[in-house]
There are 2 protein chains.
Amino acid sequence: MLTIDLDDSTPLYLQVSQGIQRAIAGGALRVGAKLPSVRQLAGDLAINLNTVARAYRQLEEQGLVRVRQGRGARVASDLVSGDRSAAEADLRRSLAQVFSEARLAGLDRMVVERAARACLDDLEATKERK
Amino acid sequence: MLTIDLDDSTPLYLQVSQGIQRAIAGGALRVGAKLPSVRQLAGDLAINLNTVARAYRQLEEQGLVRVRQGRGARVASDLVSGDRSAAEADLRRSLAQVFSEARLAGLDRMVVERAARACLDDLEATKERK
DNA sequence: GCCAAGTGTATCACTGTATGAGACACTTGC
DNA sequence: GCAAGTGTCTCATACAGTGATACACTTGGC
């Protein structure tokens with residue numbers, strides 16, 4: 001469910017935390033679910049346990065995960081705090097960049113629209129099966 | 001047209017190159033247009049000229065800009081090379097992350113859809129006026 | 001032809017971030 | 001009480017980002 005790409009310039013700890021974010025947003029990880037231990041996940045991904053620990057700490061700062069020494073980490077929420085309008089502004093900034101890159105790469109507007117719809121659908125898909 | 005946010009963790013040189021990318025994708029900068037000199041832009045943005053130079057060099061590697069010593073930099077193309085299917089895969093990865101973050105921030109699916117459509121429209125807006 | 005002004009380039013130093021190795025501390029169950 | 005499992009801390013290293021400064025190329029006016 002979670003993969004790491006060493007060629008990607010995105011820091012490993014971010015690849016990990018973002019992967020878990022997506023799993024939570026998509027419903028693959030529900031509130032209360034236990035995350036693998038830092039050693040377990042580090043072993044699976046063939047990276048250092050500190051790197052996983054850092055990802056967990058970041059998720060805890062966002063309030064998505066609750067980490068307790070000796071006990072492991074669990075999903076604490078599927079909603080981060082912070083005001084909506086700021087989030088919407090961030091969303092627009094991100095989308096403007098992503099769409100620009102897609103168009104520069106020669107992707108047609110229709111292709112981009114279809115990809116966007118597909119991604120949104122994927123996100124809801126798992127969520128529905130409650 | 002181009003702004004720099006020191007609080008944003010995105011490297012300055014990337015903020016610069018991405019801003020120019022967006023300007024090219026949106027049509028604000030047409031092929032052949034001259035970019036400000038590295039000193040000029042660095043002065044405007046209150047950053048080091050090397051940082052701007054690095055952004056220009058990156059844009060040149062992508063083939064979007066042509067830089068010549070002593071002569072300045074011009075927009076060389078509004079299309080980067082590379083195959084479409086890879087670009088589409090990248091697009092999907094990026095969108096999956098951006099949408100996940102938006103939903104975690106509590107944004108409704110409809111709000112996200114509306115933002116996406118608005119961003120796409122903005123992108124085409126300037127382009128039309130030829 | 002020369003030179004001043006404008007342009008990008010190269011080098012060096014400094015700082016902070018990312019990653020990893022290893023030791024430490026807490027919790028649980030037997 | 002203790003062994004096994006869990007997260008945390010500290011230290012070291014490598015590299016990326018940024019800036020100051022000096023260098024090299026191009027153009028235009030004379």
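Here is the naming used below: chain letters follow the sequence lines, and residue numbers restart at 1 for every chain.
In this entry the distance linking CG of A/Leu12 with C1' of C/dA21 reads 16 Å, nearest Å. Rounded to an integer number of Å, the gap from B/Asn48 CG to C/dG8 P is 14 Å. Summarising the geometry, the separation between CD on B/Glu61 and P on C/dT9 is reported as 11 Å, rounded to the nearest angstrom. One atom, CG of B/Asp7, and another, P of D/dG17, lie 18 Å apart when rounded to the nearest Å. When rounded to the nearest whole Å, the span between CG of A/Asp8 and P of C/dA18 equals 14 Å.
Considering every non-hydrogen atom in both A/Arg74 and A/Gly32, the closest pair reads NH1-O, 2.9 Å. B/Leu45 approaches B/Val16 most closely through the heavy-atom pair CD1-CG2, 4.0 Å.
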How does protein reach along nucleotides 1-16 of chain D, written 5' to 3' as B (base within reach of a heavy atom under 4.0 Å), S (only sugar-phosphate), or - (no contact)?
----BBBSBB------
Test log, rule side chain to side chain contact (heavy atoms under 4.5 Å, CB included), inputs A/Leu79 and B/Leu104:
CA-CA 5 Å; A/Leu79 258 153; B/Leu104 287 176; over 6 Å; no
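One finds no salt bridge joining A/Arg93 and A/Glu88 here, because no Lys/Arg side-chain nitrogen approaches an Asp/Glu carboxylate oxygen to under 4.0 Å. Between B/Glu113 and B/Arg109 there is a salt bridge, since a side-chain N of the basic residue sits under 4.0 Å from a carboxylate O of the acidic one. Classification of B/Glu101 and A/Arg22 as a salt-bridged pair fails, no side-chain N sitting under 4.0 Å from a carboxylate O.
Distances shorter than 4.0 Å separate some side-chain N or O of A/Thr51 from OP1 or OP2 on C/dG20.
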